[in-house]
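Report on the following structure.
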Amino acid sequence: MSRRIGRAVTGLWIIPVVLIAWEAATRTAAQPYFPAPSAIAVRVQELWFSGPLSRALLTDDAIDAFAPSLGRLFAGWLLASAAGILLGMAIGRSARLADYLDPMLQFGRAIPPPLLVPIFFALFQIGTATQLAIIVFGVIWPVLLNTADGCRTVDRQYLETARVFGFSRADLLWRVVLPAALPKIFAGLRLSLSLALILMVVSELVGSTSGIGYGLLTAQQNFLFVDVWAYIVLLGVLGFLLNASFLALESRILSWHQRAKRTI
Amino acid sequence: MLELVDLSHSYGSYRAIDKVNLTVAQGEVVCVVGPSGCGKSTLLRSIAGLIKPTGGRVLLDGRPVRSTPDNLAVVFQDYSRSLYPWLSALANVSLPLRRKGLDRRAREDAAMAALTEVGLAAAAGKYPWEMSGGMQQRVSIARALAYRPSLLLMDEPFGSVDAQTREELEDLVLRVCAHHGMTILLITHDVDESVYVGDRVVVLSKAPGHVVGDLPVDLPGPRDQIRTRELDAFVRLRAEVGRMVRGRHNNHELETM
């Protein structure tokens, strides 16, 4: 464990190197489209992190932008995860259902979600429902397909043990199939979380008056290049934090899987 | 209590077992031994209801076996995939007891008692991957014991553990099952083991497997790894079974079948 932390820390030297190179390159170029990282950092701080200490330095702008965005992101991701896991389990456990649905799933998966925006507008009007629909439609696929695959490929010995001991259908599904498929399901969840961040921005670029994506759009339309970059950096950091928190959650829930793999 | 009548099974055109006839009485420990690829596992899977045999019948307590009977437990060879790695030893043992309609407390008590019987009371909270192969197989045995089956099927249960652990497990199974009066059908390719563990040794031929020998084991109990194995009767029987497994039996031996 301490060796792993040590390795992670020694990998950090690359960050200042990149920052210095970036700073040097932008200063040499002296282009308004490419502000220096130091300027971006100052702007990030001004925009969102110069608030009162009691609110963890968050400004009103930060709360107005982050709260709706994160709300959409998590609501969309959780809805898609729940639907994807349930549908994926059904498809993974029933070959007939898989045969029926597979062409439609492959079709749906191939559609880039932004193309469906007009349809969602027509269906749900402009507002939260449309934004959620965009996110859900875009991120459900990795969860659904990974869950289906995980449930289809459960080790035969696990299933035979369950049959020999006469597990009920519910026990088989929730206590054998689901845990056995969990490593694959988590791989899907992680992928869809990173997609959810992208689609959250997409959903806010169209028909939204709040959130990070909306802020990015306004900055762009007003030629506020430093602000645009501040939003880009913010999204990058947000993606990094989401992924790191997810990995921490995964290693807690799947500790049996990771440790079992290491001993075999 | 278990009766196989002309039991046959084919995978496509490949005949794995052909007209196996066998009767196992209540409380008997019967070892089925045969060369590798003689359909031993097919036989066990047919009895357990995991596959539907293409011919013949399996009767358990006089009733034909459909799907998996509820008074039967199996100890598989591959313990590493038969125990669920996401459950502790205690949870692995108690999970099948949900079928018995016991409440959580009663299930855990029964599981704990079974783990104690196999000498793993202290390891109840451990996960399979924290245990040695021998310990994992003990958990499998405890799971079967806690289930209180009238028939226990064992598919090469000691095939994946080292020699010393194997001897310990053989004695453990003999001791515990004698205590519960359990009927056991143990499948093995090890001639020595079949004679040591069994009250009866049934020899299967090469595929398509059928019964070529059915020998009572007349050895004094309780068995002892050293003393039993040096008895003249043990040595003679082992040689006889060994010759049958290899398929080289002379006329005299054919008569004694």
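Quick note on labels: first sequence line is chain A, next is B, and so on, each numbered from 1. Remember, predicted model here, so these are calculated numbers, not experimental data.
Of the atoms belonging to Asp78(B), heavy atoms from both backbone and side chain fall under 4.5 Å from chain A. Residue contact with chain A, scored on non-hydrogen atoms closer than 4.5 Å, involves the side chain of Arg98(B) exclusively. Of the atoms belonging to Pro149(B), not a single heavy atom falls under 4.5 Å from chain A.
Across every non-hydrogen atom of Arg81(B) and Asp155(A), the tightest pair is NH1-OD1, 2.7 Å. Of all heavy-atom pairs between Ala73(B) and Phe165(A), the closest is CB-CE2, 3.7 Å.
Applying the 6.0 Å contact sphere to CZ of Phe49(A) captures more than 12 heavy atoms from other residues, nucleotides or ligands. In Arg107(B), the CZ atom is crowded: over 12 heavy atoms of neighbouring residues, nucleotides or ligands sit closer than 6.0 Å. Counted within 6.0 Å of CZ on Arg57(B), heavy atoms from surrounding residues, nucleotides or ligands total 12 or fewer; the atom is thus considered open. A 6.0 Å sphere centred on CZ of Arg190(A) holds no more than 12 heavy atoms belonging to other residues, nucleotides or ligands. Within 6.0 Å of OH in Tyr14(B) there are more than 12 heavy atoms belonging to other residues, nucleotides or ligands. Environment of NZ in Lys100(B): crowded, with over 12 heavy atoms of neighbouring residues, nucleotides or ligands closer than 6.0 Å.
Considering CH2 of Trp129(B) and NE2 of His257(A), their distance stands at 11.5 Å, rounded to 0.5 Å.
In this structure the side chain of Val74(B) never reaches within 4.5 angstrom of the side chain of Glu160(A), judged on heavy atoms.
Taking the six-membered ring for Trp and the full ring otherwise, Tyr158(A) and Trp86(B) have centroids separated by under 6.0 Å.
Looking only at heavy-atom pairs under 4.5 Å with chain A, the residue among Leu153(B), Leu95(B), Asp70(B), Leu72(B) that has the most is Leu95(B).
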Original post:
After noting the C-alpha distance and the side-chain angles of Arg259(A) and Tyr127(B), does the key distance pass the side-chain contact (heavy atoms from CB on, under 4.5 Å) rule?
Top reply: CA-CA 10 Å; Arg259(A) 294 167 70 185; Tyr127(B) 286 82; over 6 Å; no
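Aromatic ring pairs are classed by plane angle as parallel below 30°, tilted from 30° to 60° and perpendicular above 60°; the pair Tyr84(B) and Phe167(A) is tilted.
Remark: side-chain polar atoms of Arg163(A) are paired, donor with acceptor, to backbone N or O of Leu50(B) under 3.5 angstrom.
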